[in-house]
Amino acid sequence: MVCTMALLRALLSTARMIRHSPPLSAGLSADDAVLLDAPDERLSPALVAAALGEYEPAAELLAATRDSADWENRDRYLGRLVAFARGRDGWLVDWLAAAPRDPDALLVKAELSVRRAWESPARAERLREVGPLITAAADADPRDPVPWRLALDHARGTHATHTAFESLWEQAVRRSAHHYGCHVAALRYLSAAWYGSHRECFDFAEQAADALPDSLVQALPVRAAFDLLLDNQAAGRTTSVLEERIDAAADLAIKLSVAYRPGDPWPAEVRNLLAYVLLARGRWAEALHQFNLIGLHATSFPWSSVSEDALGRFLDARDGARLQVASLTPLRDRAGHGRPRGHYA
């Protein structure tokens, strides 16, 4: 009898999947249309020009973010330009030759040098060598918080004490109290993998997220949740005493996601991260909704943390969410019960 019931449940699940899977695909972008880390309309010309060896569009882009104190986009564009420069930096060499004291060129140089130092077996020693480059970038424009985000990352790699880190943190938030990148750098320092614990991460993230509505800092708790889930997976753990905080972090990130339009590239990384956490918590329908909001904009983080093929992992996760929702949707829609529910934990 037990075997018969198990078989019946399996057959019903398969029938639901076959019936409901195609309609659930309607709101999702086609697999071959999804792009990984696609640049926005401001960044694209700068990357194309850099590929041609021309630095001027990148210089104009970063100068515009500095002039308008658009620190969030400045940090985001910096990261993408530096990622490109790691393989092809001729345009940056020319830029520094033409304008050796340009605050934007110095910032790109400092970030690139720090990333290369992180890849070295002698990481701490190499990072100490590039410290003056961060200082030069910070001195070039005292208003800019982005060099201080870089200084926080640098401090983590050089094993800075908590006191030294707190001093850098004070300088960072003095320039921009809610800068997302600086908060992420602090969260990494406090992580269990470095100099803190999961509880410290949640405490810091929740306190920061309570400060400003619709700011990306509200995604900090879901980043703390991701770190915990990843740590549990690596250790083979399936439960956590912090499960309530994980779900609360996901709920807060859902509210943040709603504040942005579907398909917006700006919150794409947060939505990708949120989708991962919701899947890990078995909240299939809510995860599927985030995939709909993500649209074409898959991001390397968090998928590259769990797979060498970030785009493939994203597409597999999206398919998994769709199939799970389909298998849990009743065959007949009775009194509205045929619609996917929000939480199947």
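Sequential numbering from 1 along the given sequence is applied to the chain's residues. Just so you know, these numbers use all the heavy atoms, side chains as well, and skip hydrogens, waters and symmetry mates.
R271 contributes no side-chain N or O that, together with a main-chain N or O of F291, makes up a donor-acceptor pair within less than 3.5 Å. With hydrogens and angles ignored, the 3.5 Å screen pairs no side-chain donor or acceptor of H289 with any backbone N or O of A285. In this structure, W91 contributes its side chain and R88 its backbone to a donor-acceptor pair below 3.5 Å. Here the side chain of T65 pairs a donor or acceptor atom with the backbone of L62 at under 3.5 angstrom. A donor-acceptor pair under 3.5 Å links the side-chain atoms of S327 to the main chain of Q324, judged by distance alone. Side-chain atoms of D70 do not come within 3.5 Å of backbone N or O of R66 as any donor-acceptor pair. Looking at E200, its side chain does come within 3.5 Å of a backbone N or O of S197 through a donor-acceptor pair. Between the N272 side chain and the H297 main chain, a donor and an acceptor come within less than 3.5 Å of each other. Side-chain atoms of S307 never come within 3.5 Å of backbone atoms of W303 as a donor-acceptor pair (strictly under, hydrogens ignored). A distance-only check finds no donor-acceptor pair linking the side chain of S257 to the backbone of I254 [under 3.5 Å].
Side-chain polar atoms of W71 and D144 form no donor-acceptor pair below 3.5 angstrom. T158 and R128 share no donor-acceptor pair across their side chains, judged by distance under 3.5 Å alone. A donor and an acceptor atom, one from each side chain of D227 and H198, are nowhere located under 3.5 Å apart.
Other residues, nucleotides and ligands place no more than 12 heavy atoms under 6.0 Å from the CD atom of Q207. Counted within 6.0 Å of CD on E125, heavy atoms from surrounding residues, nucleotides or ligands total 12 or fewer; the atom is thus considered open. More than 12 heavy atoms of other residues, nucleotides or ligands lie within 6.0 Å of CG in D31, so this atom counts as buried by the packing criterion. By the 6.0 Å contact criterion, CZ on R199 is open, its count of non-hydrogen atoms from other residues, nucleotides or ligands being 12 or less. Around CZ of R101, the count of heavy atoms belonging to other residues, nucleotides or ligands within 6.0 Å does not exceed 12.
R42 and D40 are not joined by a salt bridge, as no carboxylate oxygen comes within less than 4.0 angstrom of a charged side-chain nitrogen. For the pair R223 and E269, the salt-bridge criterion is met [side-chain N within less than 4.0 Å of a carboxylate O]. With salt bridges taken as basic N to acidic carboxylate O contacts below 4.0 Å, none links R175 and D141. Contact check on D319 versus R322 returns a salt bridge, with a Lys/Arg side-chain nitrogen under 4.0 Å from an Asp/Glu carboxylate oxygen. A salt bridge is absent between D214 and K255: the closest approach of a Lys/Arg side-chain nitrogen to an acidic carboxylate oxygen does not fall below 4.0 angstrom. Salt bridge R149/D75: present, at least one basic N to carboxylate O contact under 4.0 Å. Ionic pairing of R115 and E111 is present here: one or more N-O contacts between side-chain nitrogen and carboxylate oxygen are shorter than 4.0 angstrom. R283 has a carboxylate O that lies under 4.0 Å from a charged side-chain N of D247, or vice versa, which qualifies the two as a salt bridge.
Expressed to the nearest 0.5 Å, how far CG of L61 lies from CG of L43 amounts to 6.5 Å.
Under the side-chain contact (heavy atoms from CB on, under 4.5 Å) criterion, S305 pairs with F226, L230, F301, not counting sequence neighbours. For D102, the side-chain contact (heavy atoms from CB on, under 4.5 Å) partners are W95, A99, D104, A105, not counting sequence neighbours.
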Side chain to side chain contact (heavy atoms under 4.5 Å, CB included), that's the test. Do V277 and I246 meet it? Break it down for me.
CA-CA 8 Å; V277 171; I246 294 174; 4.1 Å; yes
Side chain to side chain donor-acceptor pair (under 3.5 Å) between S300 and D37: does it pass, once the steps are laid out?
CA-CA 6 Å; S300 291; D37 300 325; 2.4 Å; yes
Apply side chain to side chain contact (heavy atoms under 4.5 Å, CB included) to the pair L216 and W266, showing each step before the final yes or no.
CA-CA 10 Å; L216 289 187; W266 173 235; 3.2 Å; yes
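With hydrophobic clusters built from ILVMFWY side chains whose heavy atoms lie under 4.5 angstrom apart, V108 does not share a cluster with L152. V146 is not connected to W169 by any chain of hydrophobic side-chain contacts under 4.5 Å among Ile, Leu, Val, Met, Phe, Trp and Tyr, and they are in different clusters. F202 and L187 fall into different hydrophobic clusters, where Ile, Leu, Val, Met, Phe, Trp and Tyr residues are linked whenever their side-chain heavy atoms come under 4.5 Å apart, directly or through other members. L220 and L252 fall into different hydrophobic clusters, where Ile, Leu, Val, Met, Phe, Trp and Tyr are joined by side-chain heavy atoms under 4.5 Å apart, directly or via other members. V222 and Y180 end up in different hydrophobic clusters when Ile, Leu, Val, Met, Phe, Trp and Tyr side chains are linked at under 4.5 Å.
In this structure the side chain of D203 never reaches within 4.5 angstrom of the side chain of L190, judged on heavy atoms. When side chains are defined from C-beta on, P221 does not count as touching R245, because their heavy atoms never get closer than 4.5 Å. When side chains are defined from C-beta on, R116 counts as touching L112, because their heavy atoms get closer than 4.5 Å. Considering only heavy atoms from C-beta on, H179 stays 4.5 Å or farther from V173 through its side chain. Within the 4.5 Å cutoff, the side chain of E72 has no heavy atoms near those of the P145 side chain.
Contact between L279 and A287 at its shortest, heavy atoms only, is CD2-CB, 3.7 Å. The heavy-atom pair separating P100 from A97 by the smallest distance is CD-O, 4.0 Å.
Under the ring pair (Phe, Tyr, Trp, His ring centres under 6.0 Å) criterion, the residue pairs touching residues 115-164 are W118-W194, H162-Y189, with sequence neighbours excluded.
Note: Y195 and F165 fail the aromatic proximity criterion, with ring centroids not under 6.0 Å apart.
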